[in-house]
**Student:** 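This is the structure I want to talk about, given as structure tokens.
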Amino acid sequence: MLTISADAVDQALSFPGLVETLRAAFREGAVQPVRHHHGIERPDGATSTLLLMPAWTDFHAAGTSAGGHIGVKIVTVSPDNNAIGKPAVMGLYLLLNGATGEPEALIDGQRLTQWRTACASALAASYLAREDASRLLVVGAGALSPFLAKAHSAVRPIKTIRIWNRTPANAEKVAADLREEGFNAEAASDLDAELAQADIVSSATITTTPLVKGALLKPGAHVDLVGGFTPTMRESDDDAITRARIYVDTRAGATKEAGDIVQPLASGVLKSEAIVADLHELARGEKQGRQSPGEITLFKSVGAALEDLAAGIAVYNALKP
């Protein structure tokens, strides 16, 4: 069994390559039960979350039982980690042989999650963002933010990147790191002003108070919501929902777990039939993405086990002897 570090994951993957790997995975499908989601209450801090995300190759769809893989990601989300300088998300990914169940690889789950999450957003943007989108706003300066900046830049001609965070110093650090890699990135101080100018807004926070105000979005904007993964978390307001055409990564996950979808559904602001498509339908050409240059599109990602499986297989295939 290979033990694959975060650095090795970085060496094995590229943003354009993983976007295309995920496109193929959503087109072909996999068996992915809705993830297990457990709250872990702590007497001395915020509740942590344990996520278990299994998936396996759809042997029936593939028409063969030969080969294939089984995978499961074990993730913890501990909000209080930010106060001690550690990432909120920790995890491991276990990849198994689909025929025998033998362990093939134990992969750094935090890094795999960062890659697949950012590339799933970029995959959605390849259908939903304007072809000429050049100004990107990243809301939040956590570990995922530079991955989102790089992934979106792999599918659209991004020329300007702005990073906004409640703690300006954190935004500046992310921007500085991106500048070192050749990106035109700066920290932003005025979130509302940046929302009004952005071609793509990519938000990755765990806020329960919406930061993305729909009334400020310009015609043609694409909104990418990544952070909220429980029904109580919400990054966008009702105006964003009513002004936009709505897309999700998976209908089952988004309508059960994503506050940006669950809350508007519960209040009647959003009707279930108004969710235009998920990534399966977009990748298979069953539903269309952006319809016109001036419309606003909104994509809500909660994460799918299929994404981890596809990324895990890609890493394993790149590194196995």
**Student:** Please name the pair of heavy atoms, one in A105 and one in Y316, separated by the smallest distance, quoted to 0.1 Å.
**Tutor:**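 Heavy atoms of A105 and Y316 come nearest at CB-CD1, 3.9 Å.
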**Student:** Would you say S14's side chain and G17's backbone share a donor-acceptor pair under 3.5 angstrom?
**Tutor:**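 Yes: the side chain of S14 pairs with the backbone of G17.
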**Student:** For a side chain to side chain contact (heavy atoms under 4.5 Å, CB included) check, start with the C-alpha distance between S203 and V223, then their side-chain angles and the critical distance, and finish with the verdict.
**Tutor:** CA-CA 8 Å; S203 184; V223 178; over 6 Å; no
**Student:** If you compare all heavy atoms of A12 against all heavy atoms of A318, which two are closest, and at what distance to 0.1 Å?
**Tutor:**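 Shortest heavy-atom separation between A12 and A318 comes out as CB-CB, 3.8 Å.
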**Student:** Just to verify, what does E257 make a side-chain contact (heavy atoms from CB on, under 4.5 Å) with, not counting sequence neighbours?
**Tutor:**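 Here the qualifying residues are V34, R35, H37.
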**Student:** Could you tell me the separation between the NZ atom of K320 and the CD atom of E104, rounded to the nearest 0.5 Å?
**Tutor:**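 So the NZ of K320 and the CD of E104 are separated by 7.5 Å.
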**Student:** Do you know the tightest heavy-atom contact between A154 and F15?
**Tutor:**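 In this case the closest contact between A154 and F15 is CB-CB, 3.9 Å.
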**Student:** I'd like to check L225 versus M233 (side-chain heavy atoms, cut-off strictly below 4.5 Å). Are they in contact?
**Tutor:**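 The answer is no, as the side chains (C-beta and beyond) never meet within the 4.5 Å cut-off.
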**Student:** Quick check for you: to the nearest 0.5 Å, what is the distance between R284 atom CZ and L282 atom CG?
**Tutor:**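 The CZ atom of R284 sits 11.0 Å away from the CG atom of L282.
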**Student:** Would I313 end up clustered with L112 when hydrophobic side chains under 4.5 Å apart are linked, directly or stepwise?
**Tutor:**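 Same cluster: I313 reaches L112 through Ile, Leu, Val, Met, Phe, Trp or Tyr contacts under 4.5 Å.
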**Student:** Are L178 and I163 packed together at the side-chain level, in the sense that at least one heavy-atom pair is separated by less than 4.5 angstrom?
**Tutor:**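 Yes, at least one pair of side-chain atoms sits under 4.5 Å.
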**Student:** What residues, two or more places apart in sequence or in another chain, satisfy side chain to side chain donor-acceptor pair (under 3.5 Å) together with K86?
**Tutor:**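 Applying side chain to side chain donor-acceptor pair (under 3.5 Å) to K86 gives none.
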**Student:** Any idea which heavy atoms bring L136 and S202 closest together, and the distance?
**Tutor:**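 Taking every non-hydrogen atom into account, CD1-CB, 4.2 Å.
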**Student:** Mark yes or no for whether T297, through its side chain, and L128, through its backbone, hold a donor-acceptor pair below 3.5 Å.
**Tutor:**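 Present.
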**Student:** Just wondering, do K287 and Y247 contact through their side chains at under 4.5 Å, heavy atoms?
**Tutor:**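 The answer is no; the side chains never approach within 4.5 Å.
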**Student:** Measuring only between side-chain heavy atoms, which start at C-beta, is T207 closer than 4.5 Å to E235?
**Tutor:**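 SC-SC contact between T207 and E235 confirmed.
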**Student:** Of the options K159, R130, H152, K218, which is the one that meets D199 in a side chain to side chain donor-acceptor pair (under 3.5 Å)?
**Tutor:**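 With D199 as partner, side chain to side chain donor-acceptor pair (under 3.5 Å) holds for just one option, K218.
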**Student:** V138 versus V174: any side-chain heavy-atom pair under 4.5 Å?
**Tutor:**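 The answer is no; the side chains never approach within 4.5 Å.
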**Student:** If the threshold is 4.0 Å, N to carboxylate O, is there a salt bridge linking R135 and E194?
**Tutor:**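 Looking at R135 and E194, the cut-off is met.
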**Student:** Does a side-chain heavy-atom distance below 4.5 Å link L191 with L137?
**Tutor:**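 SC-SC contact between L191 and L137 confirmed.
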**Student:** Of all the heavy-atom pairs spanning V302 and A254, show the shortest one and how long it is.
**Tutor:**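 So the two residues come closest at CG2-N, 3.8 Å.
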**Student:** Working to the nearest 0.5 Å, report the span between OG1 of T57 and CD of E28.
**Tutor:**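 Result: 10.0 Å between the selected atoms.
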**Student:** Salt bridge between R251 and E281, side-chain N to carboxylate O under 4.0 Å?
**Tutor:**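 Yes.
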**Student:** If you draw a 6.0 Å radius around CD in E41, do more than 12 non-hydrogen atoms from other residues or ligands fall strictly inside?
**Tutor:**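 No.
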**Student:** Are T255 and S272 close enough, and set up right, to give a side chain to side chain contact (heavy atoms under 4.5 Å, CB included), and what steps lead you there?
**Tutor:** CA-CA 8 Å; T255 56; S272 59; 6.0 Å; no
**Student:** Can you tell me if R156 uses its side chain to pair, donor with acceptor, with the backbone of S126 under 3.5 Å?
**Tutor:**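 Side chain of R156 to backbone of S126: a pair is present.
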**Student:** Does R234 reach the main-chain N or O of D260 with its side chain, forming a donor-acceptor pair under 3.5 Å?
**Tutor:**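 Checked: no pair found.
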**Student:** Which residues pass the salt bridge (Lys or Arg N to Asp or Glu O under 4.0 Å) test with D177, not counting sequence neighbours?
**Tutor:**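 So D177 forms a salt bridge (Lys or Arg N to Asp or Glu O under 4.0 Å) with K173.
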**Student:** Set out, in order, the CA-CA distance, both residues' side-chain angles and the distance that settles side chain to side chain contact (heavy atoms under 4.5 Å, CB included) for D108 and I4, then state yes or no.
**Tutor:** CA-CA 6 Å; D108 186 289; I4 300 174; over 6 Å; no
**Student:** Checking the side chain of R290 only, and the main-chain atoms of E295 only, is there a donor and an acceptor separated by less than 3.5 Å?
**Tutor:**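 Answer holds: yes.
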**Student:** Do other residues, nucleotides or ligands put more than 12 heavy atoms under 6.0 Å from E20 CD?
**Tutor:**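 Yes.
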**Student:** Given I40 and T76, is the side chain to side chain contact (heavy atoms under 4.5 Å, CB included) satisfied, shown in steps?
**Tutor:** CA-CA 10 Å; I40 301 175; T76 56; 5.6 Å; no
**Student:** Going by atom types alone, do T230 and T232 pair a side-chain donor with an acceptor below 3.5 Å?
**Tutor:**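 Present: a donor and an acceptor within the cut-off.
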**Student:** Given K213, which partner from the list D238, D239, D192 fulfils the salt bridge (Lys or Arg N to Asp or Glu O under 4.0 Å) test?
**Tutor:**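 Testing each of D238, D239, D192 against K213, the sole residue satisfying salt bridge (Lys or Arg N to Asp or Glu O under 4.0 Å) is D192.
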**Student:** Quick one: pull up OG1 in T250 and CG in L279 and give me the separation to the nearest 0.5 Å.
**Tutor:**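 Rounded to the nearest 0.5 Å, the OG1-CG separation comes out at 8.5 Å.
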**Student:** How long is the span from the CG atom in L18 to the CZ atom in F147, to the nearest 0.5 Å?
**Tutor:**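 L18 atom CG to F147 atom CZ measures 11.0 Å (nearest 0.5 Å).
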**Student:** When you measure from the side chain of R243 to the backbone of L217, do you find a donor-acceptor pair of N or O atoms at a distance under 3.5 Å?
**Tutor:**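 Such a contact is found between R243 side chain and L217 backbone.
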**Student:** Judged by atom type as modelled, is there a donor-acceptor pair below 3.5 Å linking the side chain of H280 to the main-chain atoms of F26?
**Tutor:**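 Such a contact is found between H280 side chain and F26 backbone.
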**Student:** Verify, without hydrogens or angle tests, whether E307 (side chain) and G303 (backbone) share a donor-acceptor contact under 3.5 angstrom.
**Tutor:**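 Checked: no pair found.
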**Student:** Give a yes or no on whether the backbone of Y93 and the side-chain of K73 come within a donor-acceptor separation of less than 3.5 Å.
**Tutor:**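 Side chain of K73 to backbone of Y93, a donor-acceptor pair under 3.5 Å: no, none is there.
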**Student:** Backbone N or O of N97 within a donor-acceptor pair of the E102 side chain at under 3.5 Å?
**Tutor:**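 Judged by distance alone, no pair lies under 3.5 Å.
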**Student:** Just wondering, do I74 and L52 contact through their side chains at under 4.5 Å, heavy atoms?
**Tutor:**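 Touching, per the 4.5 Å side-chain cut-off.
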**Student:** Please report the shortest heavy-atom distance between G289 and R245, naming the atom on each side.
**Tutor:**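 Shortest heavy-atom separation between G289 and R245 comes out as O-NH2, 3.9 Å.
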**Student:** Taking the side chain as every heavy atom from C-beta outward, state whether S78 and M90 have any pair of such atoms under 4.5 Å apart.
**Tutor:**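 SC-SC contact between S78 and M90 ruled out.
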**Student:** As an exercise, state the distance from NZ of K300 to CG of D249, rounded to the nearest 0.5 Å.
**Tutor:**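 Going from the NZ atom of K300 to the CG atom of D249 covers 8.0 Å.
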